[in-house]
Amino acid sequence: MTSERFGSLSAEGHGSADGAPSSHDRLRGLLHAVETVVGEIELPVVLRRVVEAAVELVDAEFGALGVLTADRASLDQFIHVGITPGDTEDIGRLPRGRGILGALISDPRVIRLAHLQTDPRAVGFPAHHPRMDSFLGAPVSVHGEVFGNLYLTNARSGSFSAEDEELVRGLASTAGFAIQNARLFDEARTRATWTAATAELSAAILSTPPDEVFDLVAGRVLDLAASCRVTVLVPTDVAEVLRVAAARGSGELDILGTTAVTRGSIAGEALEHGGIRMAAAVRSTGPTDPAVLTVDDEIGPAVAAPLRTRRRTWGVVTVARAPGEREFTEVEREVLGDLASQAAIALELTYARREQQKAMLAEERARIARDLHDHVIQQIFGAGLTLQSMAATLAETHDRSRVDEVIGQLDDAITQIRTVIFALSARDGSSLRHRLIDVVAEVSGALPRPPALRFSGPVDTALTGPLADDIVGVARELLTNSVRHADARSISLDVGVDGSAVTVVVADDGGGIRDSRRSGLANLAARAEGRGGALTVDTGADGTRAEWRVPLGDSRRETR
């Protein structure tokens, strides 16, 4: 408002004959409205107070403030006053900036109409919308840049006057500065919140198991961003295909584990261009992208940031809002990019530390294996030879039998140590020997003495595929029976290949098998018969020996 206009308003006196508020009173109302607006720093509160102050200033029935999108082509937010929540729900989607509202966007100058419906730019109102007649619209600028527009309708006096136009213009000018201050405060607080959260997330990633890291990232971002869905998509073995490794928010269970092609998706664009990518609300024309929210073929706004370091790409973090929700600001894009960058560095550090620990563990295991082979086995073997030479000097007495028994125990110990050496030396933990060693460790945790494990023949080369899976299952079932029910002091597992067949033998010195344990054995017998073999069980008061034996022919055909 110009100083001349302020002067003319002040000179018009304090009242009028018909009791209407004087220009002086209205000027005082403008100052009160300005004071109300600038007294707040929270951006949502400031925006609503601007609308409320404008409605009160010109005595309008309805008012609204439309916030423009980043490209200033449509409305991103629409704060309204006067329409009840019930009417708002019945109306549905809020205006996006068409008709007379769009005219203010394309040409940001004040529009004042006595009858809205008679203007050719008006496009009508949706169902359940209150009737609106007189109209006054004014742009709200921040440092010469249009932030949004004030819309006022249905002046209670019948129509808006030139004085109303000047008052709204003055309020809009002052509101621009209040909005700018509130935006700066909101941006500073957003940056501080995300910076603190990024530091916490990076520290948490370093102590989180690898299979839970992406869930951690998605959950933390959902807490920070005013969004409806957060996803983390990771590359797959198939070129140009991403998989949803983590999802939080709307429809998370429906999209978790699904795939998306990189071409045409927001995550793919972020990977291709190596930076933050943002998708505005548009109509869907291609395949569904799990990273965005779609309602009635309309896609809501979304933003994506790559989880990438110089050495590798871990994936992409995407944040999406529903159609009709506000678009992401430049600050939101920046803080998401910073979080993704720091999270990727934390992932890289975690991976490097894990690889270093694996290398140290492998080196230590190799050292222990060498010591066992070069020292322990040789010492035991030497002790056995000494005992054998001593036994030759003894008569056929009880003492010689005891020495022979000890020699047998030493031979068994050497076999066990060789099994341990194999487990320590081999790099591939998926071999049958490794799997059976793991089974023994799994079922014998509560035993004072672990079961003895012996292999004979080409176990790892001859036993592969489904047959190896069956052997692991049989060994687990037989060992579990002995551990839980036999009350045995010693248990042994022998797996051997004799050229034409494979045998799995579990023996114990327990009290024998009772009838309640026969159901599990029946399943093992059926599994053996399905492969052309058999299960034989010898049990009594002095122990139990179960032998599962099947021919090798099926396994060899399966392998080929």
Side-chain angles (χ1 to χ4, degrees), residues 401-402 404-420 422-423 432-457 459-460 462-463 466-552 554-555:
S401 298
R402 284 290 299 152
D404 289 339
E405 181 180 350
V406 171
I407 293 173
Q409 291 174 352
L410 292 177
D411 288 339
D412 183 69
I414 291 175
T415 302
Q416 297 295 317
I417 292 174
R418 282 176 173 162
T419 299
V420 172
F422 174 83
L432 180 59
R433 289 178 188 251
H434 267 94
R435 296 172 66 185
L436 291 174
I437 291 172
D438 291 340
V439 168
V440 170
E442 174 187 332
V443 302
S444 62
L447 295 178
R449 178 183 176 187
L453 177 59
R454 305 179 186 89
F455 299 104
S456 61
V459 172
D460 287 319
L463 306 179
L467 178 57
D469 296 337
D470 278 353
I471 291 172
V472 172
V474 169
R476 179 181 282 107
E477 177 68 23
L478 292 176
L479 286 173
T480 300
N481 285 342
S482 294
V483 170
R484 291 181 179 178
H485 307 294
D487 193 22
R489 290 176 300 174
S490 65
I491 304 172
S492 64
L493 168 63
D494 293 83
V495 179
V497 177
D498 61 6
S500 61
V502 55
T503 57
V504 179
V505 179
V506 173
D508 65 61
D509 60 357
I513 297 178
R514 293 182 290 273
D515 292 340
S516 61
R517 293 166 53 196
R518 294 286 181 176
S519 59
L521 296 177
N523 293 334
L524 299 183
R527 185 179 295 187
E529 292 172 1
R531 289 188 170 274
L535 172 70
T536 58
V537 179
D538 296 326
T539 183
D542 56 349
T544 299
R545 182 181 186 277
E547 178 179 311
W548 190 84
R549 183 181 181 88
V550 297
L552 278 175
D554 291 341
S555 174

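Treat the numbers as computed from the prediction; the structure is a model and nothing was measured.
- Screening V505, V443, L479 against L493 for a side-chain contact (heavy atoms from CB on, under 4.5 Å) leaves a single residue, L479.
- Of the possible donor and acceptor atoms, none in the side chain of D508 sits under 3.5 Å from a partner among the backbone N and O of S490.
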(request) Begin with the C-alpha distance, continue with both residues' side-chain angles, and end with the deciding distance and a verdict on side chain to side chain contact (heavy atoms under 4.5 Å, CB included) for V497 and L463. (result) CA-CA 8 Å; V497 177; L463 306 179; 3.8 Å; yes
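- A salt bridge is defined here as a Lys NZ or Arg NE, NH1 or NH2 lying under 4.0 Å from an Asp or Glu carboxylate O, and D498 with R549 meets this definition.
- Across V550, D470, V474, a single residue satisfies side-chain contact (heavy atoms from CB on, under 4.5 Å) together with V504, and that is V474.
- Taken to the nearest 0.5 Å, the CG atom of L521 stands 7.0 Å off from the CG atom of L478.
- Closest non-hydrogen pair, G510 versus A488, comes out as N-CB, 3.7 Å.
- One distance of note links CG of L436 with CZ of F455; it measures 5.0 Å at 0.5 Å rounding.
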(message) Checking E547 against R545 for the salt bridge (charged side-chain N to carboxylate O under 4.0 Å, His left out) test, could you report, in this order, the C-alpha distance in whole Å, the side-chain angles of both residues, the deciding distance, and whether it holds?
(response) CA-CA 7 Å; E547 178 179 311; R545 182 181 186 277; 3.0 Å; yes
(request) Take L552 and S500 through the test side chain to side chain contact (heavy atoms under 4.5 Å, CB included) and record every step on the way to the result. (result) CA-CA 6 Å; L552 278 175; S500 61; 5.9 Å; no
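- Salt bridge status for D469 with R435: present, with a side-chain N to carboxylate O gap under 4.0 Å.
- To the nearest 0.5 Å, the span separating CG on L524 from CD on E477 amounts to 5.0 Å.
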(request) Kindly determine whether V506 and S492 satisfy side chain to side chain contact (heavy atoms under 4.5 Å, CB included), including the steps that lead there. (result) CA-CA 6 Å; V506 173; S492 64; over 6 Å; no
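- Residues P551 and G532 come closest through the heavy atom pair CD-O, 3.6 Å.
- Counting only heavy atoms from C-beta outward, the side chains of I491 and V483 approach each other to under 4.5 Å.
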